[in-house]
Asker: 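Sharing a structure with you now.
Just so we're clear, the structure is a prediction, and the values are computed from it rather than from any experiment.
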Amino acid sequence: MSGVRSTNKMTSFKRIYVCDTEFIARDGEPHRPVCVCIVELRSGERFELFGEPHPCPISWREDDLMIGYQLMAELKTFLSLGWELPPNNIDLRYEQLMSRNGAKAAGMIRDSRVSDGSASLVTALYQCGRDELVPAGKQDEREYIMANGTVPPAGVSLEEHKRRITAYCWEDVFGTSALIHPYLRTVRLDQAIERGRSAVAFSHCEANGIPVDTHTLELITKHRPAFLLDLKRRTEDTHHYGVFRPDGTQSKKGFEAMVERNGWLADWPRVKGSGSLSADKDTMKLAAVAHPELAALANLLRTNSQARGTKITAGADGRSRPNVWPFEQATGRCSPKGDCVLGLAMWYRFLIKPPKGYALVCVDIEGQEFATQGALSGDPQILRIYRSGSDQYLELAKISGAVPQTATKKSHPDERRVWKVVSFACSYGAAGVTLAGQIGNGCTPLEAESRIRIHHEFFEVYWAYAYARVRLAYEQGYIESEMGWRRIVTHKTKRNTLLNFPQQANGAEILRLAFTLAVDRGLAPYLCYPHHDAAFLLCPDEMAEQMAVDISACFADAGRVVLGDSLTLRTEPKIIRYPDRYRDERGEDTWNLVQAFIESLNTSPFE
C-alpha cells in the first residue's frame with residue numbers, strides 16, 4: 001500500500017508520541033487551539049503548549065509514530081496551528097470500534113458501560129478495565145474549556161486556569177497511553193496505520209468544510225416550526241398522500257390507508273412486535289426505488305423524524321464543518337450525523353453551493369458494489385458487464401426476457417427499476433415474500449422467487465463465492481475486508497449481514513484509500529467530504545476539470561489496491577459552478593417546495 005510502512009513491530013518506530021489537545025469548536029468554525037500535550041513514550045520527553053500561536057515543537061521524521069484517541073481532533077488542531085502533520089498515525093478509536101464490532105449483537109459485552117456507551121475514551125477505558133484512569137468530571141471540564149478558552153474567568157488567575165486545563169489534557173494523554181497495548185496487540189500494525197492515514201485525510205475534510213447556501217440555511221433554521229408545517233402542507237397538497245393532517249401531525253391510519261389504496265398493504269413490511277406498518281428510513285428508501293411516486297413522502301418522513309437532530313451550522317466563511325465519523329458503521333462506512341447535509345433527507349443536499357469563483361467537484365464511483373462483487377468473486381458475467389459499461393439492471397431484464405435486447409434506460413425505465421430492486425434485495429439475501437412487497441404492482445412471492453433464481457443463475461460464480469464467504473465467517477468467527485476491517489461473527493450473526501459485508505466493507509476501504517491518495521497527491525486543501533462512494537471537493541473554477549481527473553485517478557488506483565487488476569473502477573464526475581448548486585433528483589420535488597416556502601417569506605408575517 002502506497003505510503004504505508006510495511007511493519008508489524010512497534011520497534012521499527014524510533015519515536016512514539018501520544019497526544020491530546022483541547023480546543024474551542026464554535027458552530028461551523030475551524031478549531032481554535034487552547035492547549036497541546038504530547039509525550040514521547042521511549043524517552044518520556046513531554047511537550048506542553050498553551051494558547052496560540054506556537055511553532056511545532058517536534059521536527060517529524062519518517063520513522064515517527066503518533067497515537068491518539070479520536071485523533072482527527074488533534075490533527076485539526078495541528079492544522080489550525082499551521083503545523084505539519086505526523087508521517088505515521090494510529091487512532092485507537094478506530095481500533096476500539098473494531099474490537100467490539102459485532103460483539104454487542106452477539107451478546108459478548110456484559111459491561112453496560114461498554115455495550116451502551118459510545119466509542120469515547122471513557123468507554124474504551126472501561127472496556128480495557130482501566131476504570132482508575134477515567135477522568136472525573138470530564139463533561140464539566142470540556143464545558144469549562146468551551147466557555148473560556150485561553151482566557152480565565154473572573155476571579156481565576158491565568159496560571160490557575162492554565163494548570164486546570166493542561167492537567168485535564170494530560171489525563172487524556174495518560175488514558176490513551178494505557179490503551180495502546182490492549183488495542184494493538186491483536187491487529188496488524190500496518191493496517192492500523194493505514195486506517196490512521198484516513199484520519200489525516202478526513203481531518204482535512206473537517207477543517208476545510210462544505211460550502212453551503214447560508215441564506216437559505218438561516219431562513220429554514222430561523223423559521224423551523226413554520227417551515228416544517230408548511231412543507232407538510234405543500235407536500236400533501238401536491239401528492240395527496242393523506243399521511244399528515246392539516247395541523248402537521250402524522251396519521252398512522254392515513255399512512256395505512258395510502259398503502260392500502262395503492263394495493264401494497266399485503267406485502268408492506270411491518271414493525272416487529274406492534275405489527276404496524278413500517279415507515280422507517282430503510283423501508284421508505286426501498287419503497288421509493290420501487291415506487292418513485294413515494295420519493296417526496298420518504299423525504300418528508302425523514303425530514304420530520306430528523307427535525308430535532310438537525311443541527312447544520314456554517315462558519316463566517318460560508319462553510320459547514322460536520323464530523324466525518326469514519327468506521328461508525330459495522331462495515332467501516334462513514335456515518336454522517338444531523339450536522340451534515342449529506343446525512344439528512346435528500347433535499348438538504350441542495351444547500352451545497354460553491355461560492356463565487358469556485359467550483360464544486362463531485363466524483364462518484366459507478367456501480368461500486370457490483371464491481372466489488374465481480375472483482376472479489378471473479379464472476380465472468382459481472383466482469384464482462386462492468387468492463388463494457390453496460391447497465392447491470394437492464395442486462396438482467398434482457399436475460400429474463402422482460403425487455404428486448406435494444407432496451408435502454410429511457411425506453412424501459414419501469415422494467416429497469418424492477419431489476420434494480422431485485423439486485424438490491426439479492427445483495428441483502430431477501431426472500432421472495434420480502435422482494436414481492438418491495439416490487440409491488442401485484443408481484444407475487446412466486447414471481448419474486450423466479451427473479452431471484454435468475455439472478456443466482458446468471459451470476460452463479462459470484463453466488464458460489466458469496467456463500468463460501470458466509471460459511472468461512474461462521475467457521476473462523478469473523479469476516480473482514482481486504483485491508484483488515486473486521487466484524488465478529490457468531491451463530492447469532494444474521495446470514496444476510498454477512499452476504500452484504502464484503503461489498504460494503506471493501507467499498508469503504510476504496511473510499512478511504514482514495515482520500516489518502518488525494519492527500520499524497522496534493523489535493524488536501526480541496527477535500528470537502530466523503531459520502532458513501534463519492535468525494536466532494538471545492539477548488540477555484542479554473543482548476544475544476546483537472547481536479548475531476550485527479551480525484552478519479554485516486555479512485556481508480558484505490559480500486560486496484562483493494563480489488564486487484566481485474567477491472568478499473570469507473571467514475572462519474574459532476575462539476576457545479578457558481579451560481580448553480582448541487583442537485584439530486586431524489587430530492588428535487590421537496591426542494592421545490594422548500595423554495596416555495598422561502599419565496600413566501602417575502603410576503604408573509606414570518607420575515
Asker: Is the closest side-chain heavy-atom distance between Trp419 and Ile439 below 4.5 Å?
Answerer: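 A side-chain contact under 4.5 Å is absent here.
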Asker: Which pairs count as salt bridge (charged side-chain N to carboxylate O under 4.0 Å, His left out) when at least one residue sits in residues 407-429, sequence neighbours excluded?
Answerer: Asp391-Lys409, Asp391-Arg416, Asp414-Arg417
Asker: Going through the checks in order, is the salt bridge (Lys or Arg N to Asp or Glu O under 4.0 Å) test met by Asp27 and Lys311?
Answerer: CA-CA 9 Å; Asp27 289 345; Lys311 300 176 181 178; over 6 Å; no
Asker: Are Lys337 and Asn323 close enough that a side-chain donor and a side-chain acceptor fall under 3.5 Å?
Answerer: no
Asker: Would you call Trp485 and Thr331 a side-chain contact if the rule is heavy atoms closer than 4.5 Å?
Answerer: no
Asker: Quick one: does Val341's side chain get under 4.5 Å of Arg349's, heavy atoms only?
Answerer: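 Contact flag for Val341/Arg349 side chains = no.
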Asker: Give the C-alpha distance, both sets of side-chain angles, the deciding distance and a yes or no for side-chain contact (heavy atoms from CB on, under 4.5 Å) between Leu499 and Tyr428.
Answerer: CA-CA 6 Å; Leu499 278 175; Tyr428 287 90; over 6 Å; no
Asker: If we only count heavy atoms from C-beta on, is the Phe255 to Leu297 side-chain gap below 4.5 Å?
Answerer: yes
Asker: Quick test of your reading of the model: are Lys574 and Asp364 salt-bridged, counting only N-O distances below 4.0 Å?
Answerer: no
Asker: Would you say the side-chain atoms of Gln139 and Glu143 include a donor-acceptor pair closer than 3.5 Å?
Answerer: yes
Asker: Are the side chain of Glu369 and the backbone N or O of Gln504 linked by a donor-acceptor pair below 3.5 Å?
Answerer: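 No, because the side chain of Glu369 does not come within donor-acceptor range (under 3.5 Å) of the backbone of Gln504.
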Asker: side-chain contact (heavy atoms from CB on, under 4.5 Å), that's the test. Do Leu121 and Gln70 meet it? Break it down for me.
Answerer: CA-CA 8 Å; Leu121 176 62; Gln70 201 155 339; over 6 Å; no
Asker: To the nearest 0.5 Å, what is the distance between CD (Glu256) and OG (Ser251)?
Answerer: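 Atom-to-atom, Glu256:CD and Ser251:OG are 9.5 Å apart.
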Asker: So if I apply the salt bridge (Lys or Arg N to Asp or Glu O under 4.0 Å) rule between Glu206 and each of Arg321, Lys76, Arg319, which one comes out positive?
Answerer: Lys76
Asker: Mind running side-chain contact (heavy atoms from CB on, under 4.5 Å) on Leu277 and Leu265 for me, showing each step along the way?
Answerer: CA-CA 9 Å; Leu277 297 182; Leu265 186 60; 3.9 Å; yes
Asker: Are His31 and Thr21 side-chain neighbours, meaning at least one heavy-atom pair lies under 4.5 Å?
Answerer: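 No, side chains not in contact.
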Asker: Would you say the side-chain atoms of Arg333 pair up with the backbone N or O of His532, donor to acceptor, closer than 3.5 Å?
Answerer: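 Here the side-chain-to-backbone pair exists.
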Asker: When you measure from the side chain of Asn208 to the backbone of His204, do you find a donor-acceptor pair of N or O atoms at a distance under 3.5 Å?
Answerer: yes
Asker: For the residue pair Phe424 and Tyr393, categorise the inter-ring angle as parallel (less than 30°), tilted (30 to 60°) or perpendicular (more than 60°).
Answerer: perpendicular
Asker: For a quick check under 3.5 Å, do Gln368 and Thr372 share a side-chain donor-acceptor pair by atom type?
Answerer: yes
Asker: What is the ring orientation for Tyr582 with Phe536, classed by angle as parallel under 30°, tilted 30 to 60°, or perpendicular over 60°?
Answerer: perpendicular
Asker: Is the side chain of Arg100 donor-acceptor paired with the backbone N or O of Gln127 at a distance under 3.5 Å, no angle test?
Answerer: no
Asker: Going by heavy atoms in the side chains, are Asp339 and Thr313 under 4.5 Å from each other?
Answerer: no
Asker: Between Phe23 and Arg142, is there a cation-pi geometry (under 6.0 Å to ring centre, at most 45° from the normal)?
Answerer: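 Verdict for Phe23: a cation-pi partner in Arg142.
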Asker: Less than 4.0 angstrom from a charged side-chain N to a carboxylate O is my criterion; do Arg93 and Glu328 meet it?
Answerer: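 Result for this pair is yes, salt bridge flagged.
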Asker: Does NZ or CZ of Arg195 come closer than 6.0 Å to the centre of the six-membered ring of Tyr94, within 45° of the ring's axis?
Answerer: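 Cation-pi check for Arg195 and Tyr94: fails.
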Asker: Between the main-chain N or O of Ala295 and the side-chain N or O of Asn299, is there a donor-acceptor pair closer than 3.5 Å?
Answerer: yes
Asker: Any sub-3.5 Å donor-acceptor pair from Arg577's side-chain atoms to Leu360's backbone N or O?
Answerer: no
Asker: Has Asp230 got a side-chain atom pairing as donor or acceptor with Ala226's backbone, closer than 3.5 angstrom?
Answerer: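 Side chain of Asp230 to backbone of Ala226, a donor-acceptor pair under 3.5 Å: no, none is there.
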Asker: Ignoring hydrogens and angles, tell me if any N or O in the side chain of Asp584 forms a donor-acceptor pair with the backbone of Met346 under 3.5 Å.
Answerer: no
Asker: Any donor-acceptor pair under 3.5 Å linking the side chain of Arg581 with the backbone of Phe350?
Answerer: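 Checked: pair present.
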Asker: Could you tell me the separation between the CD1 atom of Ile488 and the CD1 atom of Ile109, rounded to the nearest 0.5 Å?
Answerer: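 Taking CD1 in Ile488 and CD1 in Ile109, the distance rounds to 7.0 Å.
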Asker: Heavy atoms, side chains only, cut-off 4.5 Å: are Phe202 and Cys334 in contact?
Answerer: yes
Asker: Step by step, would you call Val134 with Tyr126 a side-chain contact (heavy atoms from CB on, under 4.5 Å)?
Answerer: CA-CA 8 Å; Val134 174; Tyr126 284 141; 3.7 Å; yes
Asker: For the pair Asp533 (side chain) and Ile365 (backbone), establish whether a donor and an acceptor sit closer than 3.5 Å, ignoring hydrogens and angles.
Answerer: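 Checked: no pair found.
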Asker: Is there a side-chain contact between Ile24 and Val34, using heavy atoms and a 4.5 Å cut-off?
Answerer: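 Of all side-chain heavy-atom pairs linking Val34 with Ile24, at least one is under 4.5 Å.
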